[in-house]
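Residue numbers count from 1 along this sequence.
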Amino acid sequence: LRVRLMHELCAVRDDIEAIMRVAFKSALVREKYDAIMFSDVHVRKNQVFVYYAGNQPMPLEQGQRFAYSGTIAEDISRFQLSHLTVEDTQESIKPIDWALFVPQGIRSYFAKPFFSRGALRTVLIVCSRRPHVFSGVTVGDFEDFLDPINEAVKMWRQSGRR
């Protein structure tokens, strides 16, 4: 899975929307989950830009900007988490869940952070429209899928974000 996915992602490395579509179409996600999101984190600028792909259109603009404060990225940094799982966004008290996930019909998600030179730069999020889908899921369950996407994101950043 990892090698094939990396090969497919390399072919579209200059286009973040294409990267997200290729990632979503991989067997691991398409069969079990409803969307994948990429948070492009800029802590010093207090901004997070969100890109996504999924099995249904979402009323979310590609590259939509959110303030860093109150985001998954901020929680991950503050509490030094290796990942973050939300079992039901409709029971969440986090503003970002109500601003980003609930309006898209996302009920549960698994988020994994990626760091560059010690700074949080990327959060990849696997989403479901059903609650409690990620119970018992570990970071290792998504390594072969999320690590190649992170590599593709790095290539996209190096390409000058065309």
*Just do the side-chain hydrogen bond (donor to acceptor under 3.5 Å, both in side chains) check on Ser39 and Arg121 with the steps written out, would you?*
CA-CA 8 Å; Ser39 293; Arg121 290 290 288 130; over 6 Å; no
**Message:** Please tell me whether Leu84 and Val43 are part of a single hydrophobic cluster in this structure, the criterion being side-chain heavy atoms less than 4.5 Å apart.
**Reply:** yes
d(Arg13 CZ, Met6 CE) to nearest 0.5 Å is 9.0 Å
* Quick one: are Arg65 and Val48 in side-chain contact, heavy atoms under 4.5 Å? -> no
Q) Under the 3.5 angstrom rule, does the side chain of Ser26 hit a backbone N or O of Ala23 as a donor-acceptor pair? A) yes
- prompt: Counting N and O atoms only, with roles assigned by atom type, does the side chain of Glu87 sit under 3.5 Å from a partner on the main chain of Pro131, one being a donor and the other an acceptor?
  reply: no
For the side chain of Asn46 and the backbone of Ser69, is there at least one donor-acceptor N/O pair under 3.5 Å apart?
yes
Rounded to the nearest 0.5 angstrom, the CD-CZ distance for Glu74 and Phe66 is 14.5 Å
Candidate pair Asp88 and Arg130, rule salt bridge (charged side-chain N to carboxylate O under 4.0 Å, His left out), full reasoning: CA-CA 8 Å; Asp88 192 345; Arg130 292 169 289 138; over 6 Å; no
| message | Can you confirm whether more than 12 heavy atoms, excluding those of Gln80, are under 6.0 Å from its CD atom? | response | no
Taking C-beta and beyond as the side chain, do Met155 and Cys10 meet within less than 4.5 Å on heavy atoms?
-> yes
Scanning both residues in full, the closest heavy-atom pair of Pro148 with Leu9 reads O-CD1, 3.6 Å
When you compare the side chain of Leu60 with that of Val50, does any pair of heavy atoms fall below 4.5 Å? yes
Look at the rings of Phe38 and Trp156 and say which category their plane angle falls in: under 30° parallel, 30 to 60° tilted, over 60° perpendicular. perpendicular
dist Tyr52:OH -> Ile125:CD1 (nearest 0.5 Å) comes out at 13.5 Å
Discussion item. Could you go through Phe110 and His83, starting from their C-alpha distance and side-chain angles, then the distance that decides it, and tell me whether this counts as side-chain contact (heavy atoms from CB on, under 4.5 Å)?
Written reply: CA-CA 7 Å; Phe110 175 89; His83 69 283; 3.4 Å; yes
Check your understanding: Side chains of Leu5 and Val3: does their closest heavy-atom pair fall under 4.5 Å?
Key -> no
Report task. Please examine the side chains of Ile19 and Arg21, heavy atoms only from C-beta on, and report whether any two atoms are closer than 4.5 Å. Result -> no
Using only atom types and a distance under 3.5 Å, with no angle test, would you say the side chain of Trp98 pairs donor to acceptor with the backbone of Ser92? yes
What about Met58 and Val133, same hydrophobic cluster or not, with Ile/Leu/Val/Met/Phe/Trp/Tyr joined at side-chain heavy-atom distances under 4.5 Å?
no
One should read off an interatomic distance between Ile72 CD1 and Lys94 NZ, to the nearest 0.5 angstrom, of 5.5 Å
| Verdict with reasoning, Val123 to Thr71, per side-chain contact (heavy atoms from CB on, under 4.5 Å) | CA-CA 10 Å; Val123 179; Thr71 62; over 6 Å; no
All heavy atoms of Phe24 vs all of Gly54, minimum pair found to be CE2-C, 3.6 Å
Side chains of Asp97 and Val86 in contact at under 4.5 Å (non-hydrogen atoms): yes
Do Val41 and Gln47 pass the side-chain contact (heavy atoms from CB on, under 4.5 Å) test, and can you show the C-alpha distance, the side-chain angles, and the key distance before you say yes or no?
CA-CA 6 Å; Val41 181; Gln47 297 178 334; over 6 Å; no
Going through the distances and angles, do Tyr33 and Phe134 end up as a ring pair (Phe, Tyr, Trp, His ring centres under 6.0 Å)?
CA-CA 10 Å; Tyr33 308 110; Phe134 300 96; 5.1 Å; yes
Can you label the angle between the Phe49 ring and the His42 ring as parallel, tilted or perpendicular, going by 30° and 60°? perpendicular
Exercise for review: Verify side-chain contact (heavy atoms from CB on, under 4.5 Å) between Ile36 and Phe145, making sure each step is shown before the conclusion.
Suggested key: CA-CA 11 Å; Ile36 180 168; Phe145 172 64; 3.4 Å; yes
Look at the side-chain heavy atoms of Ile, Leu, Val, Met, Phe, Trp and Tyr, link any pair under 4.5 Å apart, and say whether Ile96 and Ile106 land in one connected group. yes
Note: Asp34-Arg107 ion pair, threshold 4.0 Å (strictly below): no
Quick one: do Val139 and Leu124 end up in the same hydrophobic cluster if we chain Ile, Leu, Val, Met, Phe, Trp and Tyr together by side-chain heavy atoms under 4.5 Å apart? yes
ask   = Is there a donor-acceptor pair closer than 3.5 Å between any side-chain N or O of Asp15 and the backbone N or O of Val12?
value = no
Taking side chain as C-beta onward, heavy atoms only, is Glu143 less than 4.5 Å from Lys112? yes
Of all heavy-atom pairs linking Pro59 and Pro103, the shortest is CG-O, 4.4 Å
Indicate if Val126 and Ile149 have the same hydrophobic cluster label, given that clusters are the connected sets of ILVMFWY residues with side-chain heavy-atom separations under 4.5 angstrom.
yes
Problem set entry | Met37 and Leu100, any side-chain heavy atoms less than 4.5 Å apart | yes
**Request:** Would you sort out whether Phe101 and Tyr109 count as a ring pair (Phe, Tyr, Trp, His ring centres under 6.0 Å), showing the intermediate values?
**Result:** CA-CA 9 Å; Phe101 296 102; Tyr109 61 82; 4.2 Å; yes
More than 12 heavy atoms of other residues, nucleotides or ligands under 6.0 Å from CZ of Arg129: yes or no?
yes
